[in-house]
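Keep in mind that the numbers below use all heavy atoms, side chains included, and drop hydrogens, waters and symmetry copies.
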Amino acid sequence: MNEITRRDADAPRPAGEERRQDTLLPAVDIHEENDAVHIIADMPGVTRDSLVIEVDNGVLSLEGEVAIPMPEGLSPLYAEVRAQRYARRFTLSHEIDSEAISARIDSGVVHLTLPRRDTHRRRRIEVQAA
């Protein structure tokens with residue numbers, strides 16, 4: 001978290017001030033195996049309906065929003081919890097088959113599988129005896 005965000009997050013909000021939507025960079029783990037690359041992104045509060053995953057011109061984009069509804073009939077005196085937006089982008093290697101990427105979300109954790117093209121998978125060459 002940078003200093004601007006940290007100071008803003010720690011500052012009290014006056015009653016009635018509109019909640020701001022911050023863009024956060026979700027933490028990710030990237031793992032690989034022979035057939036695919038796996039990305040695991042932590043996006044707390046993001047649901048399937050608010051998650052958008054796209055590939056455009058070799059760039060994989062993850063975007064998700066967390067909406068915090070204001071309870072009806074209540075006036076805020078102090079508000080720290082606010083709507084947030086997650087966004088992260090990855091440039092894909094020519095090894096990745098972008099048409100075969102799959103994704104699932106479970107409790108705000110996004111699991112992406114990026115299969116490698118057959119031509120870029122490691123394979124063992126059988127050696128023939130003479």
Side-chain angles (χ1 to χ4, degrees):
M1 186 184 317
N2 65 35
E3 285 303 310
I4 295 169
T5 305
R6 181 176 295 121
R7 266 188 258 118
D8 184 53
D10 293 340
R13 296 192 184 288
E17 182 180 305
E18 190 174 315
R19 296 178 186 193
R20 217 179 83 232
Q21 188 176 33
D22 295 324
T23 299
L24 303 174
L25 193 67
V28 298
D29 290 341
I30 301 175
H31 305 276
E32 72 172 335
E33 59 182 348
N34 184 43
D35 296 345
V37 174
H38 300 273
I39 298 175
I40 301 167
D42 188 25
M43 301 171 79
V46 172
T47 64
R48 180 181 179 271
D49 293 335
S50 67
L51 180 63
V52 176
I53 302 172
E54 296 179 334
V55 175
D56 183 27
N57 205 22
V59 177
L60 173 68
S61 300
L62 293 169
E63 294 182 10
E65 293 189 26
V66 179
I68 309 293
M70 177 59 68
E72 201 170 311
L74 298 180
S75 297
L77 296 176
Y78 182 83
E80 288 184 339
V81 179
R82 59 187 175 267
Q84 295 177 336
R85 180 178 178 271
Y86 292 94
R88 189 86 186 242
R89 292 181 182 16
F90 302 92
T91 300
L92 298 178
S93 161
H94 63 278
E95 295 179 11
I96 300 299
D97 182 356
S98 63
E99 297 295 320
I101 294 173
S102 63
R104 66 182 171 83
I105 187 168
D106 183 21
S107 301
V109 179
V110 179
H111 300 262
L112 292 156
T113 301
L114 293 73
R116 286 195 167 106
R117 297 180 193 278
D118 288 337
T119 56
H120 292 282
R121 294 182 184 170
R122 183 177 50 229
R123 63 184 182 91
R124 187 178 189 113
I125 307 297
E126 291 295 324
V127 179
Q128 303 293 319

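We find the CD1-CG distance between I105 and D49 to be 9.5 Å, quoted to the nearest 0.5 Å. Between the CD1 atom of I39 and the CD1 atom of I53 there is a distance of 9.5 Å, given to the nearest 0.5 Å.
Under a hydrophobic clustering in which Ile, Leu, Val, Met, Phe, Trp and Tyr are joined whenever their side-chain heavy atoms come within less than 4.5 Å, directly or via other members, V109 and L112 fall into different clusters.
Using a 4.0 Å cut-off between a side-chain N of Lys or Arg and a carboxylate O of Asp or Glu, E54 and R89 do not qualify as a salt bridge.
S50 places a side-chain N or O within donor-acceptor distance of the main-chain N or O of E65, the cut-off being under 3.5 Å. Under a 3.5 Å cut-off, the side chain of R117 and the backbone N or O of H94 do form a donor-acceptor pair.
At a threshold of 4.5 Å between non-hydrogen side-chain atoms, the residues L51 and Y86 do not count as touching. Taking 4.5 Å as the limit, some side-chain heavy atom of V46 sits within range of a side-chain heavy atom of V66.
Nearest heavy-atom pair across I68 and A83 is CG1-N, 3.7 Å. Heavy atoms only, all atoms of each residue included: A36 and T113 are closest at CB-CG2, 4.0 Å. Listed here is the closest heavy atom pair of R116 and N34: NH1-O, 3.3 Å. Shortest non-hydrogen contact noted between E63 and A87 is CG-CB, 4.2 Å. Residues F90 and I30 approach most closely at CE2-CD1, 4.1 Å, considering heavy atoms.
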